[in-house]
Amino acid sequence: EELKLAVTTSFANSGLAEILLPAIAEGTGIDVQLLIVGTGQALKLGEAGDVDAVLVHSRAAEEEFVASGFGTHRREIMYNDFIIVGPTDDPANVGLATLATEAFAHIAGAQAPFVSRGDDSGTHKKELGLWKAAGIEPTGDWYRAVGQGMGAALNTASGMDAYILADRASWLNFGNKGDLTQLFGGDPALFNQYAYIPVNPALHPHVKAVAAERLEVWLTSDRARALIEGYTIEGQQLFVFNAER
Amino acid sequence: MNDILTGMAEALRLILTLDPTLIEISLRSLEVTVSATIIASLISLPLGAWLAINRFRARRFVIAFLNALMGLPPVVVGLLVYVLLSRSGPLGVLGLLFTTSAMIIAQVIIITPIIASISHQAIRELWADYHDLLISLNTTRWQRIKALLWDGRRALLTASLAGFGRAIGEVGAIMIVGGNIDHATRVLTTAIALETGKGNFALALALGFILIALAVVVNLALHLLSKTERSSLW
Amino acid sequence: MNDILTGMAEALRLILTLDPTLIEISLRSLEVTVSATIIASLISLPLGAWLAINRFRARRFVIAFLNALMGLPPVVVGLLVYVLLSRSGPLGVLGLLFTTSAMIIAQVIIITPIIASISHQAIRELWADYHDLLISLNTTRWQRIKALLWDGRRALLTASLAGFGRAIGEVGAIMIVGGNIDHATRVLTTAIALETGKGNFALALALGFILIALAVVVNLALHLLSKTERSSLW
Amino acid sequence: MVAPILPLRAENIRVARGGKTLLGPLSLEIAGDGVTIVLGPNGSGKTTLLRALHGLERLRDGEVHWAVPEPETRKLQAFVFQAPILMRRNVVDSIAYPLLLDRMNRGEARDRATDAAEAVGLGGRLSLAAADLSGGEKQKLAIARALVRRPQVLFLDEPCANLDGKSTREIEAILIEARASGTRIVMSTHNVGQARRLADDAVFLFEGKRIDGGPADEFFSNPKTPEARAHLQGDLVP
Amino acid sequence: MVAPILPLRAENIRVARGGKTLLGPLSLEIAGDGVTIVLGPNGSGKTTLLRALHGLERLRDGEVHWAVPEPETRKLQAFVFQAPILMRRNVVDSIAYPLLLDRMNRGEARDRATDAAEAVGLGGRLSLAAADLSGGEKQKLAIARALVRRPQVLFLDEPCANLDGKSTREIEAILIEARASGTRIVMSTHNVGQARRLADDAVFLFEGKRIDGGPADEFFSNPKTPEARAHLQGDLVP
Ligand SMILES: Nc1ncnc2c1ncn2[C@@H]1O[C@H](COP(=O)(O)OP(=O)(O)OP(=O)(O)O)[C@@H](O)[C@H]1O
Ligand SMILES: Nc1ncnc2c1ncn2[C@@H]1O[C@H](COP(=O)(O)OP(=O)(O)OP(=O)(O)O)[C@@H](O)[C@H]1O
Ligand SMILES: [Mg+2]
Ligand SMILES: [Mg+2]
């Protein structure tokens, strides 16, 4: 049985899917087909009934999606975290900050080049939230809103030696690091919650609600927990399983 | 720079080891693009001929519009096809979204104007030669189109190959309507885009080189078969 | 379906209110693509003519290769240019990455094979007509190329316009080398891709319709200026 | 049998391009049997007249009427162009093409085309590409292609310009035979000897106007205008 | 003055296509002053011979030698093709084109082209597109274009096929004048009268072979082969 699941670029870039999909097929017989798109586009696909479920990380948008009746419910599965990546010589001294907002303030203060996703994705919204929390209105030549997916934005940052907010998984899997390095991470403000939302079968009778439910059961199972928490790159654990039973 | 060399080495390795994933997505690329090229040619070669032999008021506008359609951004085509094929769209019941059929439809839309425009140009010149004769022989419109398509077949092959080239390298539209689903709708170009996003430039370039090699082989094969360059024009 | 209608309305609104962002990115699109088309034409029209008049061993292969290059996936071109222009690349010192210059370079690479291939086709036919005369008149190679380019200028305009069309709708390459930076390298196509990713399909379609309208206007203007369709062929 | 499309009546026709009148105004009737020869110096409008009668020129003024309505007449005429228009096909396929248009089956069309090719002396060139023929052979091909449909009215524009003496006489024989079997011929030529041999009546054009002509015996023995007289003598000077 | 490129010696040349010999093997020398006329039936190889001498045909065997090395000779020859090759330009620009190739300035080239056009009777057509000319006018254009560079050797392939009597005589006068001022002429024609009027010597081709020819008075009064005799009589039959 096939099931279409829309996910965001940052999830796809993490490489976790390659571990989970075969296990899902084995455990449930469901062949999950991933559609890797922007957060907005993922929700739009769900809204139109073109996918059976979505797995995204943008809480406000998700809640609105469910409230509008497009999804049946929102089920938190796991989280990873964001980190701040930048040039090795760290001209803005981001490495010395203790809070994410502080790190952002350093960057703004130094007017060091900063690449923003600029695409209304979960990552972008998180970044905007951090600026707001830091009390900074990011404008000027140093602030570059690129409007691209996670990997493409990282490529851009690497090309211009700029700072960027990235999810840890995408960063670790990223092959074009150039002169960039991880400078800041660990602040709980940077946690990145992924949630699973089945598309509402009342709206779209053709969606595979039963399979979507079985997938949800599997995703919240111990088997999933083991795989998710066991997934490491370069010795770092990437995701923390936090589905409630 | 290094990425380019590594990419070439990797391309060689993938080909020499007959990498099964590579073969799968290459075959799918060919399947989609060859289908799209054939369908688009069936539409646009007669259309190009029809435009060449008919004089009508809006002619100049139609041709400019056709030329402009060559510039249809793939993403827009992808969106349009998506909107039509989406479950909530008019053709949603067909369930074609995220299948190779949807990708073929998108590519047909993209390359039809290209093939029509180039073939129109070629047939216009042939029609200038044949005009008086075919009028004098009292041919029907359809007979004229047939004669022009047949006698101009070599130039038309170039037109179709231009369409093939455009389609095989296309990614924006098929990404949206195909979804780049592993083992279902992933083709060379969407795989390249995926690897690029991961920053795996060497692998992305390797796939790119393989794609070019594939296109060279197809072009060379068709030129040899059709003897275009041994033309009796020469 | 709804998205298409909303998109059309939105396109109208943006145009009628002379939306400043729209104007900015449209002008940048034109600037980049017109530059790229001019540069690519300067390279590829003589190249097309040169290929048409010269017989050499590898000719058939070169032509097949040129045709195949029409299928260069934009993403691959983007990667190659990125690798060359990046700080650690051989041309890094120029600091061109993420500028409109880099976008122009990428588009030139993409459309040069297209213009060369189409113009080669057109010039081949003209050369078949002129061959004996120009040989008999003892023309130099360069004089032949000049005569063919001049007397074939109408067909060559179509070739350049095909290149223009391809470039104006291009997104994969310029996204990588330009970076889609707001107020710096964002153009119509990259804006479309961005809005698509955001799920703003109506706005994306609106920008797409505007892009097509722009391409139609450019095509129509050039055809009128060059009188192509009032051709004395007719 | 098909209905006869003659008489053909051209009434006050005029052809102009960019403000310059190339032909006319003139009126003309083509009726009965026979051969009408159009004469006149280079650029006098012979080609333009033949094309106008055949319906290939846009008339600025006047009209061309056939005895039956337009669509019927088209396939009962044929035209041999001054510069042969060759399709990119071999000799036999080129000649068979008009027959295929009439839905004749391919085998029969080729047989008929082969006969027509042999009649004009192209029997040894059947599968050669038309473009590879010699100048004279191209003209022969065009003549065979025009005859193969057995038209009621046959227009020929300098059909023998590139033919050798013997071939010219052979083509003349074919034309005389066609006339005998009822084909009405309208032909331009610069070969005054040929004109005398073939003409039943003549049209003499000068700067786009018909200034002389009439029944052949009268016209050739006693042209009324000095222009026609000079033209007829042009070829005879030793 | 430029070095004379004559004599031209063709040694055992043969032209073949797809296994079939179109011309030769034959040897030929073109030297001194005068006009060589090439005669022969349609398809006998006249065009092929002229093109081979001018260097336009790939020789299967043999060689063509000029008195001076190749690159020098090229621009001292000119060729008038049987089917005029027209550039997509107007009359005066078409004729001026060879002069522009020699880096003559545009104004002077146009003046010379205008004179050349007037000499062949195209004075009234200067700014007409070459494609719009009548059949005969196109041939005149080609002749003017060939003469304008004042070549040492001029090849003409049926240059008068579509010309009226008067124009034919005018072109002949121009050719006689060119010969008088030192241009060596090699020309094919089906017009036996014209051949007699112009020839200093003759080459008679039959099925690709030179089977007859020689000094004009001898050849025309007393051809040695029955084929040549028949050919020369072809035009004279009343
Ligand atoms: N656009 C134009 N403007 C002016 N004159 C034109 C134009 N087009 C054609 N002509 C002239 O009109 C005449 C056309 O004559 P046409 O071709 O009928 O001559 P013809 O009698 O067949 O001559 P020929 O014996 O040389 O074939 C030519 O003199 C040509 O130069
Ligand atoms: N590929 C080929 N195979 C066989 N025969 C060929 C081929 N190409 C040309 N020919 C023949 O070779 C001959 C070429 O003769 P050429 O053109 O020199 O004749 P010509 O004497 O100039 O005739 P014309 O008086 O008709 O102009 C023609 O009979 C032509 O049919
Ligand atoms: Mg004429
Ligand atoms: Mg010849």
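The two residues A:D50 and B:F98 make their nearest non-hydrogen contact at O-CE1, 3.4 Å. Between A:Q33 and B:A184 the shortest heavy-atom distance is NE2-CB, 3.7 Å.
Here the CG-NE2 distance, from A:D31 to B:H183, works out to 8.5 Å after rounding to the nearest 0.5 Å. Of the inter-residue distances, the one linking A:N176 atom CG with B:N200 atom CG reads 9.5 Å to the nearest 0.5 angstrom. Distance CD1/A:I36 to CG/B:L194: 5.0 Å, rounded to 0.5 Å. The line from NE2 of A:H204 to OG of B:S88 is 5.5 Å long, rounded to the nearest 0.5 Å.
At a 4.5 Å heavy-atom cutoff, the contact between A:L35 and chain B is made by backbone and side-chain atoms alike. If you measure heavy-atom distances from A:A48 to chain B, the contacts under 4.5 Å come from both the backbone and the side chain. Contact of A:K177 with chain B is not made at all, since no heavy-atom distance falls under 4.5 Å. Heavy atoms closer than 4.5 Å to chain B are found nowhere in A:L21, neither backbone nor side chain.
The candidate with the highest count of non-hydrogen atom pairs below 4.5 Å against chain A, out of B:L97, B:I181, B:L203, is B:I181.
The number of heavy-atom neighbours closer than 6.0 Å to CZ of A:R223, taken from other residues, nucleotides and ligands shown, is 12 or below. In A:E64, the CD atom is not crowded: 12 or fewer heavy atoms of neighbouring residues, nucleotides or ligands sit closer than 6.0 Å.
Side-chain atoms of A:V207 and B:R87, non-hydrogen and from C-beta on, never get closer than 4.5 Å to each other.
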- Query: After noting the C-alpha distance and the side-chain angles of B:D182 and A:L34, does the key distance pass the side chain to side chain contact (heavy atoms under 4.5 Å, CB included) rule?
  - Reply: CA-CA 7 Å; B:D182 206 7; A:L34 284 190; over 6 Å; no
